[in-house]
S.K.: 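Got a structure for you, written out below as structure tokens; questions coming shortly.
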Amino acid sequence: MKRCMNLVDTGRRQFLRGGAAAAVGVAAGAGLRSEAKAAPALARVSYPSMRLANIADLKFNEPFEVAYPDGAAPGVLLKLGKAVEGGAGSDGDIVGFTTICPHKGFPLAYSPGDQTFNCPGHYSRFDVEAGGMQVWGHATQNLPQYVLRVDDKGDIYAEGVDELLYGRLSNVL
Amino acid sequence: MAYKRQIDRLPIIPADAKKHNVTCHYCIVGCGYHAYTWPVNKQGGTAPADNAFGADLSKQQDANADAWYSPSMYNIVKQNGKDVHIVIKPDAECSVNSGLGSIRGARMAENRFSPARMTQQQRLTDPMVWRYGQMHPTSWDDALDLVARVTAAVVKERGEDGLVVSMFDHGGSAGGYENTWGTGKLYFGAMKVKNVRIHNRPAYNSEVHGTRDMGIGELNNCYEDAELTDTIFLVGANSLETQTNYFLNHWVPNLRGSTIEKKKAQMPDEPHAAARIVIVDPRRTVTVNACEVEAGKDNVLHLALNSGTDLALFNALFTYIADKGWVDKALIEQHTLREATTRPPLYPARGIADSNPGHLSSFEDAVAGNHMSIEDAAKITGLKPEDIVKAAEWIAMPKEGGKRRRTMVAYEKGVIWGNDNYRTNGALVNIALATGNVGQMGGGCVRLGGHQEGYVRPSDAHVGRPATYVDRLLISGQGGIHHIWACDHYKTTLNADEFKRIYKKRTDMVKDAMSTVTWGDRAGMVEAIMAAVRQGGLFSVDIDIVPSKIGQASHVWLPAAESGEMNLTSMNGERRMRLVERYMDPPGNAKPDCLIAAGLAQNMERVLREAGNGSYADQFKGFDWKTEEDAFMDGYHQHASGGKFVTYDALRAMGNNGFQEPATSLHDGKIVGTKRVYSDGNFSTDDGKARFMDAPWRGLQAPGKEAQKTKFKYLINNGRANQIWQNAFLDQDNDFVMDRWPYPFIEMNPADMADLGVNEGDLVEVFNDEGATQAMVYPTGTAKKGETFMLFAFPTGVQGNVVNAGVNELILPNYKQTWANIRKLADKPAAVAHLTFKSKEYAAG
């Protein structure tokens, strides 16, 4: 019991420290309070490893519609034709993004001409070649990007997201 | 990679969280927010009964959902000494923003002082003094005693003119009625300080003397007028970036045509269509683009005139409209001055005095004096004659059935910080006044504003007009002590290079003198400081929330509190007044400015009495406020127009919609306000009649501008970006903002880039005879060749360094008309390598 209390304290201190750790702390704290639970809650949400497509499905600069981490979270995969930071696959040119604008939740439209997502709601723009950086706009986050893995068969798996998705206070509901 | 927070979930606001009214403390628009706080060891749940929204948070929320907040809206702060969770999110019920959050306001929580989450650790927590060769913390008593003794010593030797004051006059942020009254009562009540300036300009003057002299206060309509108007005439403003949610929530619906039913209901006897917009701006902005997206290109007229030629354009429009007879004859007859006044001897070059650089007169006199043909205006402005005519038609040609066209005239820094401020302002107001658009539904002739307002002070009449050019006074070695209230001249003044050079030299003299005395020897310290002051030194006291750039030169820092760390009242661009309820503690020992001013007054009284100067000491009585509410009751409640109806309790009850100033009565406990000013045609002049301004064009007015334009190759136009509030005093410590703009951008035409051999992201030096600064190249296809646009007032590259010292007769700076040369400094640095340099303009998919 004493040990358990120490853990609670540690969790709380972590929580107060900040940044990403704040969210971490809540998750840990929530789990620790319900002592009946067999396994302690984890520090971060558990992202599903989800097959979204095969490399063969992707065409250069054409958005391939997907949903991740669940059916209520639309997104796309894109093959950009040049290696970018965060790009997956042997060419390092495959990226995946949510297509819900992190400002007010409007659906983004892809502009293949300059490889940006554009929001018809309030004109925000995000650059898929620069990690979803907001070129201009109102969102206080850059565009959430998927963590991708490509296996030997060319299957593309999403295994995480790097920012909070619009419309949910936990990326995994 | 772009900055990512790696946050995958946020604590949920519990149903019993405390909810505070908040008006965003950044821009003029003043969007409504709520701050929710709850104990750090508690959290809400996803079930409707377990959260503040009563919503099922286990489901994805829809667009525009109230039940969502971004990581930037969350933090952990101190409240009554304890850590609490805080979420500051937009208020869907506020008529100003209807739930919209801008990229500035939606980061309020993230930009709060948080020891737990290490945000805004730059905030000052204690009074700091120059001791042992650097700034060290001390007590309030110690710091205020030193400031009072040095202030009293300087005043004794030089009179109150030896005290130079820079003080904010705004609302929001650390401003507000409480704090402008506190500082105002000290410097204009207890003292009569004449050498005083405001946060963004080198004198104590109005940015819009022109309109005020004509009898038209500059905030005279309501935001709903933008929904009701036929035409928006926008001048020198980029409202999508700088009045974001006013534009999105009130202009766009009209441009889209979705307010037509509202127009029909409120103005049933005339035809209605979607609004058209005329935009006067030398640069194509994201505002122009958004208007085209919403209204269609045929309904947007962008007049990309030559920089600084607005006055010629307005006079041509006025001439054309008057010739056509598209004016409100009844209004002119009944509510404006009808007899022409005698023209000044040096007309048209000068006004009757430097205090009145235009000539206030009758409609007919102004029509004659301002006469400008379309062809002449086209030559001066570089615009097509037919576009000027089209603008006149959109602004004033009667609607079907002969009904008067309703036009909202709105302007901001493009003309305020532009060529010939006074006359240009007057010439624009001439158009609105003649066409009957002041005080009427769907009209108004308004500045759009930068910050919110919150001004209540004793009379400033002793300052005089033109007011002292304070920067020049400091540069010329005058003044012995400088009190600075949240102003950062190092970032936000003109002629900044020279100012910094001299200011550093003068304050260093005092620092060196202070280092020769032990801290415990107060009498010796004051004498050493005074000896340095007599040699040309300057003692500098900086009251601010963070260590500012000018504060690097100061000898004392006094830590101030901000909105939300204190109760604070302000009004927005439609004079909507709200109370921000204190939701957290100020950092450490920081205090509201009004209470710092009170402490300074009390110390002055004590020190002066001790020195045997009892009668002067008595002038510093009346500062025995315990709270900011005491200062509010002493100031606004007693002195503002309609203030007697306004109390904190009444404001709390009015919530985030507040009321529109001035208050006229209390009805069932609610404050009754004023939707539009001048609806009765009674203007703000002694006889109630408005004046027209006879204000002929006179080229680039400020000294040195024409020569600079001839000598240097590039226009260095300058202004704001939507991500950054003011001079980035908080945003300089915000990862999201500084990741996007590690250096100020300078938008350049690609052909100019090729000429200079620079690429996107390269650092360039911008230089002329006034000084030099640096910026990061942002390729901009829509930029005119030879015309750049640089981010203003940014800490890592100060545009003011290359703005010359020339001002108008009323000491208004002319930041916009600046010319310089450009050369490459370096290839893009590491902090720039990951940035995007694509066009800022939205493109429909």
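Chain letters run A, B, ... following the sequence lines, proteins first and then strands; every chain starts at 1. Note: hydrogens, waters and symmetry copies are ignored here, and every other heavy atom, side chains too, is used. The shown structure was predicted, so the numbers you read here are calculated from the model rather than taken from an experiment.
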S.K.: Check whether Arg125(A) gets within reach of chain B through its side chain, its backbone, both or neither, counting any heavy atom under 4.5 Å.
M.R.: side chain

S.K.: With rounding to the nearest 0.5 angstrom, report the NZ to CG distance, Lys104(A) to Asp62(B).
M.R.: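 If I round to the nearest 0.5 Å, the distance is 12.0 Å.
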
S.K.: Of all the heavy-atom pairs spanning Gly137(A) and Ile103(B), show the shortest one and how long it is.
M.R.: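 That would be O-CD1, 3.5 Å.
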
S.K.: Once you round to the nearest 0.5 Å, how far does CD of Gln134(A) lie from NZ of Lys840(B)?
M.R.: 12.0 Å

S.K.: Is it the backbone or the side chain of Ala139(A) that comes under 4.5 Å from a heavy atom of chain B, or both, or neither?
M.R.: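 Looking at Ala139(A), just its backbone touches chain B.
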
S.K.: Indicate yes or no: at least one non-hydrogen side-chain atom of Asp8(B) is less than 4.5 angstrom from one of Tyr47(A).
M.R.: yes

S.K.: Heavy-atom distance under 4.5 Å to chain B: side chain of Phe117(A), backbone, both or neither?
M.R.: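 Contact with chain B: none, neither part.
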
S.K.: Which bit of Cys119(A) is near chain B, if near means a heavy-atom gap under 4.5 Å: side chain, backbone, both or neither?
M.R.: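 It is the backbone, since no side chain atom gets that close.
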
S.K.: Applying side chain to side chain contact (heavy atoms under 4.5 Å, CB included) to Arg9(B) and Leu169(A), what does each step give before you reach the verdict?
M.R.: CA-CA 5 Å; Arg9(B) 77 174 113 175; Leu169(A) 294 173; 6.0 Å; no

S.K.: Go through the steps for Ser70(B) and Thr140(A) under the test side chain to side chain contact (heavy atoms under 4.5 Å, CB included), then give the verdict.
M.R.: CA-CA 8 Å; Ser70(B) 68; Thr140(A) 54; 3.2 Å; yes

S.K.: If every non-hydrogen atom of Asp162(A) is compared with every non-hydrogen atom of Lys4(B), which pair is closest and at what distance?
M.R.: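 Heavy atoms only, the tightest pair is OD2-NZ, 2.9 Å.
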
S.K.: How about CD on Glu159(A), more than 12 heavy atoms from neighbouring residues, nucleotides or ligands closer than 6.0 Å, or not?
M.R.: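 Yes.
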
S.K.: For the CD atom of Gln60(B) and the OH atom of Tyr166(A), what is their distance to the nearest 0.5 Å?
M.R.: 8.0 Å

S.K.: Select, from Leu100(B), Leu240(B), Asn289(B), Leu835(B), the one with the greatest count of heavy-atom pairs under 4.5 Å involving chain A.
M.R.: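 Heavy-atom pairs under 4.5 Å are most numerous for Leu240(B).
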
S.K.: Apply side chain to side chain contact (heavy atoms under 4.5 Å, CB included) to Glu163(A) and Gln6(B), showing your working.
M.R.: CA-CA 5 Å; Glu163(A) 267 287 9; Gln6(B) 299 292 353; over 6 Å; no

S.K.: Please assess Asp127(A) against Lys838(B) for the test salt bridge (Lys or Arg N to Asp or Glu O under 4.0 Å), listing each intermediate value before the final yes or no.
M.R.: CA-CA 8 Å; Asp127(A) 186 351; Lys838(B) 290 180 179 173; 2.7 Å; yes

S.K.: Name the option with the most non-hydrogen atom pairs under 4.5 Å to chain A; the candidates are Gly101(B), Pro90(B), Ala106(B), Pro71(B).
M.R.: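 Looking at each option in turn, the highest pair count goes to Pro71(B).
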
S.K.: Check each atom of Pro107(A) against the heavy atoms of chain B and say whether the ones under 4.5 Å are side chain, backbone, both or neither.
M.R.: neither

S.K.: Against chain B, label Leu165(A) side chain, backbone, both or neither, depending on which of its atoms sit under 4.5 Å from a heavy atom there.
M.R.: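 Backbone only.
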
S.K.: Ignoring hydrogens, what is the shortest heavy-atom contact between Ala2(B) and Gly131(A)? Give both atom names and the distance.
M.R.: CB-O, 3.8 Å

S.K.: To the nearest 0.5 Å, what is the distance between CG on Leu164(A) and CE on Met73(B)?
M.R.: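 So the gap between those two atoms works out to 10.5 Å.
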
S.K.: Please determine, by modelled atom types, if Trp136(A) and Glu841(B) share a side-chain donor-acceptor pair under 3.5 angstrom.
M.R.: no

S.K.: Between Gly86(A), Pro102(A), Pro120(A), which residue shows the highest count of heavy-atom pairs closer than 4.5 Å to chain B?
M.R.: Pro120(A)

S.K.: Tell me, for Val252(B) versus chain A, whether the close heavy atoms (under 4.5 Å) come from the side chain, the backbone, both or neither.
M.R.: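 Interface part for Val252(B): side chain.
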
S.K.: For Asn142(A) and Asp739(B), run side chain to side chain contact (heavy atoms under 4.5 Å, CB included): C-alpha distance rounded to whole Å, both residues' side-chain angles, the deciding distance at 0.1 Å, then the answer.
M.R.: CA-CA 11 Å; Asn142(A) 292 309; Asp739(B) 178 67; 4.3 Å; yes

S.K.: Is Thr836(B) close to chain A through its backbone or its side chain, or both, or neither, when contacts mean heavy atoms under 4.5 Å?
M.R.: both

S.K.: Please give me the minimum heavy-atom distance between Val135(A) and Ser839(B), naming the atom from each residue.
M.R.: CG1-O, 3.4 Å

S.K.: Report the relative orientation of the aromatic rings in Phe247(B) and Tyr123(A); use parallel for angles under 30°, tilted for 30 to 60°, perpendicular for over 60°.
M.R.: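 Answer is perpendicular, since the angle exceeds 60°.
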
S.K.: With a 4.5 Å limit on heavy-atom distance, are the side chains of Leu57(B) and Arg168(A) in contact?
M.R.: no

S.K.: How far does OG of Ser170(A) sit from CG of Leu10(B), to the nearest 0.5 angstrom?
M.R.: 9.5 Å

S.K.: Give the member of His834(B), Gln723(B), Glu241(B) that has the highest number of heavy-atom pairs under 4.5 Å with chain A.
M.R.: Glu241(B)

S.K.: Phe837(B), Phe736(B), Trp68(B): which one forms the most heavy-atom pairs within less than 4.5 Å of chain A?
M.R.: Trp68(B)

S.K.: Side-chain contact, heavy-atom cut-off 4.5 Å: Met133(A) with Arg740(B)?
M.R.: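 Yes, at least one pair of side-chain atoms sits under 4.5 Å.
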
S.K.: Measure Val161(A) against the heavy atoms of chain B and call it side chain, backbone, both or neither at under 4.5 Å.
M.R.: backbone

